Amino acid sequence: MNPQLKPRWHLTPREAIREQERLRARLVLEDQFKEIRLVAGADLAFDPDTETAFAGVIVYRFPALEEIERRSARLKLQFPYVPGLLSFREGPALTAVFARLRNAPDLILIDGHGRAHPRLFGIACHMGVLFDKPTIGCGKSLLVGEHDMPATRAGSTAPLWYQGERVGEVLRTRDGVKPIYVTVGHRVALATAVELIKRCCDGYRIPKPTREADHYVGVLRREHQRKAGRKTTD
DNA sequence: GCGACAG
DNA sequence: ATCTTGTCGC
């Protein structure tokens with residue numbers, strides 16, 4: 001966590017927008033790191049009934065992609081889902097899980113966008129600035145921007161444009177499968193981000209760190225719901 | 001006013 | 001994000 005910044009989560013939508021514009025000034029869109037030895041993937045799952053979120057983060061040795069640690073955290077979501085303000089909904093939970101890690105990752109992969117955002121400051125940028133770490137956004141669908149479809153073959157890319165700026169890269173991670181959106185979060189140049197993401201892919205559409213984190217929190221959520229349902233059923 | 005809209 | 005089984009294809 002960047003000691004200079006204290007997270008400000010409980011804001012009104014209007015204040016949240018101002019916060020994004022304030023933090024945006026701290027973004028570093030170029031490579032600013034030494035060696036990447038540990039990569040972390042994080043994700044959330046949530047139970048609509050209780051508004052409870054299950055956050056999970058898994059740390060891998062890079063480039064081997066061998067898991068060395070995984071942690072989780074559970075808490076109520078306070079902010080509604082508003083396109084463009086995702087970090088204010090998921091940020092508290094992500095901050096909580098990362099605080100539990102023993103191994104400090106050198107690179108963080110976040111589900112969602114970075115620069116490809118209405119105000120050029122998506123959740124990947126937000127978390128990157130707060131943690132003061134190289135961060136990359138891995139989106140499964142588009143929020144803003146325009147692009148051509150990359151060629152059918154795995155490894156093909158197409159630039160993602162928004163407001164005259166190249167904010168990301170559409171990456172085909174598997175032959176003939178729907179591509180993913182790679183966007184800069186913090187301290188990593190776009191071209192570098194694409195290369196790093198490619199090296200985190202192991203044959204599936206979603207890069208291993210985020211894919212495994214997604215599966216992890218899904219299991220946690222269902223496990224918790226199973227217990228809750230049991231109490232009121234028998 | 002209409003349509004779009006990460007997770 | 002979540003609700004959800006089988007099924008078509010490599």
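Source: prediction; values computed, not measured. Chain naming here is simple, since letters A, B, ... match the order of the sequence lines and numbering starts at 1 in each.
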Look at all strands and tell whether [X] reaches a base, only sugar-phosphate, or nothing, counting heavy atoms closer than 4.0 Å.
X: A/L85; answer: base
X: A/G84; answer: base
X: A/L142; answer: sugar-phosphate
X: A/R174; answer: nothing
X: A/A124; answer: nothing

Spacing between [X] atom [atom1] and [N] atom [atom2], to the nearest angstrom:
X: A/M127; N: B/dG7; atom1: CE; atom2: P; value: 15 Å
X: A/I206; N: B/dG7; atom1: CD1; atom2: P; value: 9 Å
X: A/Y162; N: B/dC5; atom1: OH; atom2: P; value: 12 Å
X: A/F79; N: B/dA6; atom1: CZ; atom2: P; value: 15 Å
X: A/F46; N: B/dG7; atom1: CZ; atom2: P; value: 13 Å
X: A/L86; N: B/dG7; atom1: CG; atom2: P; value: 8 Å
X: A/F121; N: B/dA6; atom1: CZ; atom2: C1'; value: 15 Å
X: A/D43; N: B/dA6; atom1: CG; atom2: C1'; value: 12 Å

Within the distance-only criterion (no hydrogens, no angle test), does the side chain of [X] pair as donor or acceptor with the backbone N or O of [Y] below 3.5 angstrom?
X: A/R71; Y: A/I58; result: no
X: A/R174; Y: A/G203; result: yes
X: A/E69; Y: A/N103; result: yes

Please confirm whether the shortest side-chain N or O distance from [X] to OP1 or OP2 of [N] is below 4.0 Å.
X: A/S141; N: B/dC5; answer: no
X: A/Y81; N: B/dA6; answer: yes
X: A/K140; N: B/dA6; answer: no

DNA chain C: 5'-most and 3'-most nucleotides touching chain A, 4.0 angstrom heavy-atom criterion: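 That gives a stretch of C/dA1 to C/dC3.
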A/L107 and side-chain contact (heavy atoms from CB on, under 4.5 Å): which partner among A/L38, A/T135, A/L196?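 Result: among A/L38, A/T135, A/L196, A/L196 is the only option passing the side-chain contact (heavy atoms from CB on, under 4.5 Å) with A/L107.
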Give the C-alpha distance, both sets of side-chain angles, the deciding distance and a yes or no for side-chain contact (heavy atoms from CB on, under 4.5 Å) between A/R115 and A/L190. CA-CA 10 Å; A/R115 278 239 115 193; A/L190 180 55; over 6 Å; no
Step through it carefully: locate the ring centre of A/F131, locate the ring centre of A/H186, and say whether they are under 6.0 Å apart.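 Ring-ring flag for A/F131/A/H186: false, centres at least 6.0 Å apart.
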Gap between atom NZ of A/K178 and atom CE of A/M149 - 0.5 Å precision: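 These two atoms lie 8.5 Å from each other.
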